[in-house]
2 protein chains.
Amino acid sequence: MHSETTLPRLARALAAVCGPVRETDISASQQAGYRISGALKLLSDALAPARRMLHAGDVIYQAGEQFGNLYILNSGLVKIVNLSVDGRQQVVGLNFRGDWLGFDGIAHGRYSCDAVAIDTGEVWVIRYDALLVACAVQPALLALLHEAMSREIGRDRDALMSVCTLPADARVADFLRSWAQSQADGGMRTDEITLRMTRAEIGNYLGMTLETVSRSLSKLARDKVIAFAEKGRRNVRIPDVEALSAFVQRCLTPVPMLQ
Amino acid sequence: MHSETTLPRLARALAAVCGPVRETDISASQQAGYRISGALKLLSDALAPARRMLHAGDVIYQAGEQFGNLYILNSGLVKIVNLSVDGRQQVVGLNFRGDWLGFDGIAHGRYSCDAVAIDTGEVWVIRYDALLVACAVQPALLALLHEAMSREIGRDRDALMSVCTLPADARVADFLRSWAQSQADGGMRTDEITLRMTRAEIGNYLGMTLETVSRSLSKLARDKVIAFAEKGRRNVRIPDVEALSAFVQRCLTPVPMLQ
DNA sequence: CGTAAATTTGATAGTGGTCAAAATTCGTGG
DNA sequence: CCACGAATTTTGACCACTATCAAATTTACG
């Protein structure tokens with residue numbers, strides 16, 4: 001599947017990633033942490049948004065509902081569920097601290113998916129029209145908004161690429177890696193994460209069955225890339241995030257081409 | 001994979017789709033056509049953007065390149081190719097007339113993917129900072145921009161859902177359906193489409209191999225859902241777009257549950 | 001018109017889905 | 001705090017869909 005142009009393209013990709021910001025080292029994580037804290041402070045000061053407490057299962061907005069608000073997640077965890085006309089439903093996104101919710105509603109005046117909390121937390125409610133007014137006065141707000149939408153587009157594309165190009169085991173590993181990254185960006189610990197989703201939900205998000213998720217997790221634990229906490233198998237210890245990336249690499253090169 | 005809550009959710013999904021705008025009937029297509037024409041006129045009048053001719057293979061922007069411009073496709077066809085650090089590459093989007101390009105660059109100051117023309121056409125080049133200035137004066141421009149970003153997010157999620165929930169045959173059918181829809185929205189004929197991509201590119205976009213794409217197309221032709229034009233197998237005739245949707249449905253219900 | 005690329009089709013193999021059963025965990029009330 | 005039933009998770013066996021490999025055919029293009 002790798003074309004003959006892979007190498008120069010890889011070089012460009014590396015240049016892109018290693019240019020202004022490294023995504024994986026500690027300073028970058030802290031930068032992300034500051035980015036998020038700063039953004040939240042700016043929003044809070046400029047708009048004094050209403051705050052809403054969330055509990056697992058709470059619906060923030062629903063597909064079909066009239067659009068009017070954007071939301072910013074201050075804490076907790078939210079899943080985005082897309083619905084098709086024929087009844088298929090799928091988790092198409094996960095949101096952590098600092099993420100915006102509701103962009104999908106702007107285009108058609110109605111939200112096109114459900115946003116459901118899967119952990120206790122807090123969202124800030126921002127009226128879209130009020131935000132636009134504030135943006136006119138304070139361009140930094142507009143920059144923030146566009147940055148968030150842009151990042152969302154990038155994340156969605158990365159998710160598509162993951163589903164299309166990685167085998168099941170690697171997809172699960174990559175999922176854990178990006179979860180840990182999001183935790184780090186939000187200023188939370190990254191060595192142990194608590195999956196607030198069932199295997200079925202994870203599988204739905206990753207495009208595989210719950211059995212495959214379970215098998216992949218078992219394999220990751222067998223390979224010592226992750227470990228389960230003593231109580232409950234929803235707590236995953238990640239001794240080394242790099243090991244997860246390495247595992248993904250290994251899946252992509254089954255035979256190291258010993259020549 | 002369908003939970004016990006499918007039915008009420010389906011009802012909501014239907015309400016969402018059938019609410020303000022029907023996506024599939026003729027009037028909606030014409031609305032979309034007007035929407036695009038109107039948007040292009042507004043942009044042209046407000047910004048008098050530079051115009052750039054495109055030929056197949058031309059690169060509009062590259063991953064890693066400094067962000068500065070957004071682009072609007074006036075005609076032609078552009079593919080968006082995402083790159084991963086480890087060399088994987090994947091088509092993550094296709095753009096038609098009226099679509100915006102370059103949103104992915106806003107977040108990090110550099111584009112994160114390649115935009116490559118796959119047909120002759122024309123893009124309009126818009127400096128992002130100039131656009132923001134113009135938006136301050138003319139709020140309709142800002143609305144246009146946000147609408148485009150929102151639609152992009154929705155499309156990316158739909159693509160993810162398609163890859164995750166549909167078998168290969170249905171994915172190809174759905175791909176043709178959405179291509180025809182995009183053509184219709186751009187004011188072009190929808191009964192015959194010319195795939196400007198190789199089977200390998202289509203497969204890459206849909207997360208399958210080129211052989212599977214070929215087999216699926218053969219099956220669609222055998223089932224009379226599509227037909228190949230006499231000259232060249234890249235021209236696909238679609239006698240009835242609804243038949244493509246029906247085919248997707250059939251794939252989802254292998255046995256009609258004859259009770 | 002000839003060569004290289006793209007496409008189709010067939011044969012075979014493997015990843016991941018499906019079905020099933022056992023084990024573990026969770027939620028709730030005694 | 002413990003017990004019990006429901007839900008979740010794990011693991012195994014089997015099979016289907018799709019990938020892989022290969023060869024023949026068609027198409028594109030210099």
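First the proteins, then the strands, lettered A, B, ... as listed; each starts at 1. The structure displayed is predicted, hence computed values, not measured ones.
Five base pairs at each end of the helix from C/dC1-D/dG30 to C/dG30-D/dC1 define two local axes, and these are offset by 60° (rounded to 10°).
The interatomic distance linking A/Leu195 (CG) with D/dT10 (P) rounds to 10 Å, in whole Å. Rounded to a whole Å, the CD atom of B/Glu211 is 15 Å from the P atom of C/dA11. If you take CG of B/Leu166 and P of C/dG17, they are 14 Å apart, rounded to a whole angstrom. Taking atom CZ of residue A/Phe228 and atom P of nucleotide D/dT8, one finds them 17 Å apart after rounding to whole Å. If you measure from atom CG of B/Leu210 to atom C1' of D/dC21, you get 12 Å, rounded to the nearest angstrom. Distance, B/Arg215 CZ to D/dC21 P: 14 Å, rounded to whole Å. Whole-Å rounding puts the B/Asp169 CG to D/dA16 P distance at 16 Å. Note: CG (B/Leu206) to P (D/dT18) measures 12 Å, nearest angstrom.
Counting heavy atoms from C-beta outward, B/Asp114 and B/Val59 have side chains that stay 4.5 Å or more apart. Side-chain contact between B/Phe228 and B/Asn235 is absent, with no heavy-atom pair separated by less than 4.5 Å. At least one side-chain heavy atom of A/Ile80 sits less than 4.5 Å from a side-chain heavy atom of B/Arg157.
Across all strands, A/Gly203 comes closer than 4.0 Å to no nucleic acid atom at all (heavy-atom distances).
Comparing B/Thr212 and A/Thr212 by the nucleotide of DNA chain C whose heavy atom lies nearest to each, the residue mapping closer to the 5' end is B/Thr212.
When each of D/dT9, C/dA6, C/dG17 is scored by its nearest atom to the side-chain atoms of B/Thr198, the top-ranked nucleotide is C/dA6. Checked against C/dT9, C/dG17, C/dG16, the side chain of A/Pro167 finds its nearest nucleotide in C/dG16.
The base of C/dG16 does not come close enough to the side chain of A/Arg171 for any donor and acceptor atom to sit less than 3.5 Å apart. For D/dT26, the base has no donor-acceptor partner in the side chain of B/Arg199 [N/O atoms by modelled type, under 3.5 angstrom].
The stretch residues 217-226 of chain B does not touch DNA chain D, since none of its heavy atoms comes less than 4.0 Å from the strand.
With hydrogens and angles disregarded, no donor-acceptor distance shorter than 3.5 Å links the side chain of A/Asp223 to the backbone of A/Val225. In terms of modelled atom types and a separation under 3.5 Å, the side chain of A/Asp99 and the main chain of A/Phe96 share a donor-acceptor contact. B/Asp104 contributes a side-chain N or O that, together with a main-chain N or O of B/Ser112, makes up a donor-acceptor pair within less than 3.5 Å. No donor-acceptor distance shorter than 3.5 angstrom exists from the side chain of B/Asp119 to the backbone of B/Gly76, with no hydrogens or angles considered. Counting only distance, with no hydrogens or angles, the side chain of B/Asn204 and the backbone of B/Val91 share a donor-acceptor pair below 3.5 Å. Between the side chain of A/Ser216 and the backbone N or O of A/Thr212 there is at least one donor-acceptor pair closer than 3.5 Å.
No salt bridge links A/Asp174 with A/Arg171; every basic N to acidic carboxylate O contact stays at or beyond 4.0 Å.
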I'd like to know whether A/Leu210 forms a side chain to side chain contact (heavy atoms under 4.5 Å, CB included) with A/Thr198, so could you lay out the CA-CA distance, the side-chain angles of the two residues, the decisive distance to 0.1 Å, and finally the verdict. CA-CA 8 Å; A/Leu210 64 95; A/Thr198 64; over 6 Å; no
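Put simply, A/Thr209 has a side-chain N or O that comes within less than 4.0 Å of OP1 or OP2 on C/dG17.
Pairing each heavy atom of A/Val241 with each of A/Ala180, the nearest pair is CG2-CB, 4.4 Å.
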N/O contacts under 3.5 Å, protein versus nucleotides 26-28 of chain C?
none

